[in-house]
Each structure stands twice: as structure tokens, then as C-alpha cells.
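To start, the structure under review is shown below, and the notes come after it.
Along the sequence shown, residues are numbered consecutively beginning with 1.
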Amino acid sequence: MKKFLFVLSLTCISSSSFGQRYMGIATGNWGGMSSLYLNPANIADNRDRLVIDLVNINAGVDNSLGKLNTVSGLNKFINGNSTNINDVFTYSNKQNFSLVAPYAELRGPGFMLAINHKHSVGFSTRVRGMNQFNNFNQSVYRTIADSTYTANGVTLNSQNFNWTGHVWAEAAVTYGVVLLEKGKHELKAGVTLRYLSGIGYLGLKGNNLNLRYSGDTITATNTDIQYSSSLASSNSTLSTGIGSNSIFDNLVNSKTGNGVGGDIGIVYDYIENPEATSFEMDGKKNVGDQTINRYKLRVSASVTDLGSIFYNSNGNFSVNVRGNGTLTGQGLIENVKNYDDFRAYAKKQGFNVDTGKASNRLYMPTTIVLSADYHAWKNIYVNATYFNNVVNRQNYGNSYYNQIIITPRYDTRRYSIAVPITYSALSESMKMGIGIRAYGFFVGSDDMLALVSHQYGMNFYVGGFVPFHKKHIKDRDGDHVSDKKDKCPEDMGTWKSRGCPDKDEDTKKEDPSEREN
């Protein structure tokens with residue numbers, strides 16, 4: 001049952017470098033609720049009056065440890081069928097690396113509703129999990145991960161490294177509003193408030209670790225590291241993401257953390273020719289056509305994933321390891337996956353170990369998102385989006401890595417196709433993907449070159465939603481009074497007379513001689 005729930009809700013893995021953003025779909029104007037995760041202000045004055053979100057699943061990987069050898073090797077890595085990491089990576093020459101594997105996201109169900117032209121609300125749900133190594137030493141990692149690796153005679157110092165594996169669930173409400181509409185200018189704002197439910201985590205962070213390799217033996221001096229987890233039972237085997245027993249199979253048993261978080265954002269639209277896309281209706285002039293995209297240029301800014309999850313001391317354990325001692329690669333492989341085993345192993349190897357229950361706070365991957373969307377010609381658009389991490393990666397929690405994405409797209413109400421091109425600061429490499437939407441169903445990737453060559457990452461997503469698009473205001477008699485408010489919908493009238501012919505005006509137009517007769 002645990003395996004089934006894990007596969008259902010956290011299928012495969014997903015890119016830490018914003019594979020979760022669905023850039024081939026989220027940058028579009030008819031992409032459902034996906035744009036909400038980029039900027040909550042996007043739901044204000046959108047092209048849909050109602051969207052019902054179904055289920056969206058995202059999967060991928062990204063890293064700077066090395067290029068992926070084969071998809072089959074990556075599959076072994078995900079499923080925990082092999083502890084030999086050589087099946088997965090061709091190593092880079094970087095001494096320190098960062099890696100996210102696995103990361104997974106499940107969205108839905110949810111909805112988005114336009115109350116009127118200016119005000120919109122939304123409700124969304126999702127489950128996320130991330131297993132992240134940041135600023136980790138390659139030799140240390142391979143000592144744990146690769147049973148064939150030997151770093152004889154190597155001396156190294158590792159500082160400020162972090163490993164956090166975390167799974168959590170979210171329920172959120174979003175509100176978007178049009179703040180200003182004046183001629184060529186429109187300004188919108190939005191906010192999302194989330195309840196965060198922590199399912200479970202484990203973490204290892206180090207201030208300092210001096211190591212001397214001699215065969216399979218590692219002498220550690222000036223050690224200052226901390227291990228913490230919400231899973232403390234000796235029966236809770238915690239995978240490092242490098243071998244058997246998936247980390248997420250174990251984390252789904254615990255639900256001990258809670259917190260609040262959210263997003264905030266603004267969007268500015270420049271409308272080049274507002275007169276061409278507006279009309280008079282119900283006594284108001286320059287009413288914008290809500291069924292089409294009016295902007296020539298859209299720029300936006302947001303801060304996403306604010307907040308944290310607090311795990312109280314009940315069921316939350318911590319181990320502080322200091323001093324000097326000896327380790328072996330095999331010993332780490334056998335003991336690093338479990339709290340009790342790790343504590344006993346560290347003591348046995350000569351380290352000073354302090355243990356006990358302790359509360360802990362895990363921070364969300366807070367990110368600044370800056371975007372510009374240019375309406376080039378007819379249904380052709382070009383989007384540029386920049387992501388910037390603002391999280392202190394030495395704290396327990398997860399983070400994203402900086403990147404810039406250029407996404408040209410063909411975008412219509414019925415279907416769209418986009419090609420996101422990304423530069424990732426994590427792998428210092430280029431990525432390319434594709435996003436295809438037909439009505440409310442979509443499939444795509446923000447990083448798909450691994451299918452044809454060795455790359456640092458890959459990701460895929462698929463999902464669906466049910467859209468109810470905005471429609472033209474009905475005015476059967478063409479008198480600029482909507483049918484909803486027109487008391488004489490078959491006869492032309494005026495707004496003053498609520499759509500009925502103005503009797504005073506008719507009298508004035510009559511011939512005086514006819515009135516005498």
C-alpha cells in the first residue's frame with residue numbers, strides 16, 4: 001500500500017531547477033491554473049471565467065555532479081535497485097556539487113473563478129517532495145554512494161554542506177485584483193496563502209569536516225555536523241537517494257509538521273491600441289474585450305514559496321556529532337540511512353555525540369520570479385523569465401537554483417505549443433523542452449535533451465483541467481445595452497431607457513405637421 005501511494009502521488013522525480021513550473025504551459029494565456037504558481041496576480045483579468053483543475057504530475061532530475069549516462073541507469077537510481085552510482089552519472093571534475101534526486105510534485109484538485117472583470121479567486125492543492133544535496137563534496141558522496149570508489153591518500157576539507165529530504169502537502173487560496181485600468185495601462189496584484197502540512201523529513205548539515213582517506217578508512221577531524229529527522233524509529237530506514245529503499249516510502253508514514261506560506265506578485269500590462277480592443281456597453285465607454293489578449297507587453301514580479309514548516313520536539317530527534325574519529329565507506333552505507341543506527345555508529349567510531357528530542361523548522365524554497373511576455377505577431381509570443389533563490393541553503397529545508405528561460409510560443413484558445421530554452425546556474429548548461437496543450441489537456445518537458453544525448457537533467461509533466469472561457473457580452477439589438485440589462489432586447493434603445501426606444505426622442509423627431517393632423 002505504501003508503495004502504491006508513493007507511486008501515485010510522487011511519480012518518479014522532478015527537476016529542482018523549476019521543472020515544476022511547466023514553462024511550456026504556464027507562460028501561456030489559456031494554460032489554466034499553471035500560471036498561478038508563477039505569479040498569483042495572473043488570475044486577475046484572465047481569459048477564463050472558471051477553471052477546474054484535475055490532476056497534474058511532474059517528474060525529472062537536475063544536478064551538477066555529472067551527466068546522466070542512460071535513462072535505464074537513472075531508473076535504477078530512482079527505484080533503488082542499485083547502490084552503484086556509476087550506473088547513473090559520468091562525473092564532472094567539480095569538487096563540490098549540488099543535486100536534487102528525487103523531487104516530485106502532484107497538483108490538484110483545485111479551481112479558479114473570475115468573480116467579475118476585476119476580482120478572481122482560486123483554490124489549489126498539491127504534494128511536493130525534494131531530496132537535495134547542496135554544496136556536497138564529491139569524494140564524500142561517492143564514498144557513501146559507490147561501493148567501488150576508493151580515494152586513497154586524498155585529504156580534503158568540506159564546509160557548509162547540507163542534505164535535506166522533505167515531503168509536505170499544501171492547500172492554498174489565491175486572490176487576484178485589477179488595481180488600475182487607464183488607457184494603455186493595466187496593473188494587477190495577487191496573493192496566495194497556503195497551509196503547509198509536513199509529512200516528514202531528514203536532514204544532515206555540516207559546518208566543518210576534515211577528512212583523510214586511506215583505502216576504505218576515513219579519518220575525520222574537527223568534525224561539526226548535525227543530523228536531524230522526524231523519523232526516529234530504528235525501523236525507519238531513510239534512503240539517501242543513492243541506493244535501495246526510497247526515502248519517500250518511509251516519509252509518508254509520518255505527519256508531524258505544520259506551517260503557513262504563500263506567494264505575492266504584481267503584473268503590469270501595456271496595451272498598445274486599447275481603442276481597437278474595447279467598446280461601449282451599459283453606459284460605460286472603453287470596456288475591454290475579455291475574450292482576447294489585449295497586451296503588447298506584460299511584465300511581472302513575484303516572490304513565491306514564502307514560509308516554513310515547524311516540527312515540534314515530539315517525535316523529532318537530533319544528533320550533534322563533533323570531534324575526531326574514523327569512518328568507513330561501508331559503515332556509512334549501512335548506517336547513514338537510519339537515526340538510531342547513525343547515532344550508535346558515530347559513538348562507536350570515537351566521535352562526541354549529543355542526542356535528544358528537539359524541534360526544528362524547515363524552510364520553503366523561496367524564490368524571486370521576474371518575467372516579461374511580448375506579443376510579437378498574431379498568435380506568436382516570446383516570454384523571458386528569471387528565477388533567483390533567496391534561501392539560506394545552510395538551513396534545513398530546500399531551495400531552487402537560479403536560471404533564465406526564454407520561451408517562444410504559439411498560443412490560442414484551443415491549443416498552444418511552446419519551446420522553453422533554459423540556462424541553468426546549477427549545471428551551468430543549456431536545456432530545451434516543449435509544451436503542448438490541446439484545450440485543457442497538456443504534456444511537456446522543460447528539459448528533454450537527455451533523450452538524445454548525455455545531459456545533467458531531465459523532466460516531464462502531464463496534466464489536465466476543464467476550462468470555461470469568457471464570452472462576448474450579448475447584445476442582440478446592437479444598442480450597447482447588454483441583454484442581461486436590456487428591457488427591450490429586440491428593439492434598439494439607449495442606456496438611459498435601459499435598452500428601450502426613448503419616447504421623448506421619438507416625439508422630438510416627429511414632423512410637427514403630422515402632429516397637427
Side-chain angles (χ1 to χ4, degrees), residues 18 21-23 25-49 51 112-122 174-193 262-279 284-306 366-388 390 402-409 411 413 416 418 420 470:
F18 304 93
R21 305 290 184 167
Y22 301 41
M23 294 304 293
I25 303 299
T27 54
N29 292 292
W30 286 277
M33 294 180 64
S34 57
S35 65
L36 174 153
Y37 295 95
L38 289 178
N39 191 323
N42 282 329
I43 72 170
D45 188 26
N46 64 84
R47 305 284 69 82
D48 296 309
R49 57 187 176 89
V51 172
M112 180 177 67
L113 173 67
I115 300 173
N116 53 38
H117 163 51
K118 289 192 173 183
H119 302 273
S120 297
V121 295
T174 300
Y175 170 67
V177 60
V178 177
L179 297 176
L180 171 70
E181 280 183 296
K182 189 173 182 180
K184 297 182 177 182
H185 311 287
E186 181 177 271
L187 182 66
K188 302 178 288 184
V191 61
T192 294
L193 180 65
D263 309 333
I264 187 169
I266 57 172
V267 174
Y268 166 76
D269 286 356
Y270 172 74
I271 304 168
E272 186 176 43
N273 188 6
E275 294 80 12
T277 56
S278 60
F279 50 87
K284 297 180 180 179
K285 295 183 179 181
N286 300 319
V287 177
D289 188 347
Q290 300 301 299
T291 66
I292 62 174
N293 293 313
R294 305 176 66 211
Y295 67 87
K296 183 66 174 179
L297 175 66
R298 168 173 289 171
V299 294
S300 66
S302 64
V303 181
T304 62
D305 281 319
L306 293 161
T366 308
T367 309
I368 294 174
V369 184
L370 304 176
S371 179
D373 198 53
Y374 180 68
H375 188 176
W377 179 68
K378 291 188 177 181
N379 298 318
I380 305 297
Y381 298 78
V382 179
N383 182 276
T385 302
Y386 173 69
F387 298 93
N388 187 81
V390 295
N402 298 356
Q403 63 177 0
I404 186 168
I405 304 173
I406 306 297
T407 308
R409 72 181 188 278
D411 195 16
R413 181 188 299 267
S416 67
K470 290 180 179 177

* Residues Asn383, Tyr381; criterion side chain to side chain donor-acceptor pair (under 3.5 Å); working and verdict -> CA-CA 7 Å; Asn383 182 276; Tyr381 298 78; over 6 Å; no
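- The OG atom of Ser371 sits 7.0 Å away from the CG atom of Leu38 when rounded to the nearest 0.5 Å.
- At least one side-chain heavy atom of Lys118 sits under 4.5 Å from a side-chain heavy atom of Glu181.
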* To do: Give the intermediate values and the outcome of side-chain contact (heavy atoms from CB on, under 4.5 Å) for residues Ile115 and Val121.
  => CA-CA 7 Å; Ile115 300 173; Val121 295; 3.9 Å; yes
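- Shortest non-hydrogen contact noted between Ser120 and Ala114 is OG-CA, 3.6 Å.
- The minimum heavy-atom distance between Pro420 and Ala418, with the atom names listed, is CD-O, 3.6 Å.
- With values rounded to the nearest 0.5 angstrom, Leu113 atom CG is found 12.5 Å from Thr174 atom OG1.
- Note that CG of Asp48 and CD of Gln290 are 11.5 Å apart. Values are rounded to the nearest 0.5 Å.
- The shortest side-chain heavy-atom distance between Phe387 and Thr304 does not fall under the 4.5 Å cut-off.
- Here Met33 contributes atom CE and Asn46 contributes atom CG; the two are 10.5 Å apart, rounded to the nearest 0.5 Å.
- Ala384 approaches Ile406 most closely through the heavy-atom pair CB-CD1, 3.6 Å.
- In this structure, Thr277 and Ile292 approach most closely via the heavy-atom pair CG2-CD1, 3.7 Å.
- To the nearest 0.5 Å, atom CG of residue Asp263 and atom CG of residue Asn42 are 11.0 Å apart.
- Between Asp289 and Arg294, the shortest heavy-atom contact is O-CD, 3.7 Å.
- Checked against Tyr268 for a side-chain hydrogen bond (donor to acceptor under 3.5 Å, both in side chains), the options Lys188, Arg298, His185 give a single hit: His185.
- Of all non-hydrogen atoms in Ala41 and Ala189, the two that sit nearest each other are CB-C, 3.5 Å.
- Between the Thr366 side chain and the Asp305 main chain, a donor and an acceptor come within less than 3.5 Å of each other.
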* Evaluate the side-chain contact (heavy atoms from CB on, under 4.5 Å) criterion for residues Asn29 and Tyr295: first the C-alpha distance (whole Å), next the side-chain angles of each, then the deciding distance (0.1 Å), finally the verdict. => CA-CA 11 Å; Asn29 292 292; Tyr295 67 87; 3.2 Å; yes
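- Side-chain contact between Arg21 and Ile405 is absent, with no heavy atoms from C-beta onward closer than 4.5 Å.
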* To do: Check the pair Arg47 / Asp45 against salt bridge (charged side-chain N to carboxylate O under 4.0 Å, His left out), numbers first and verdict last.
  => CA-CA 7 Å; Arg47 305 284 69 82; Asp45 188 26; 3.2 Å; yes
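- Contact annotation: the side chain of Thr291 approaches that of Arg413 to within less than 4.5 Å [non-hydrogen atoms, C-beta and beyond].
- Taken to the nearest 0.5 Å, the CD1 atom of Ile264 stands 11.0 Å off from the CG atom of Leu193.
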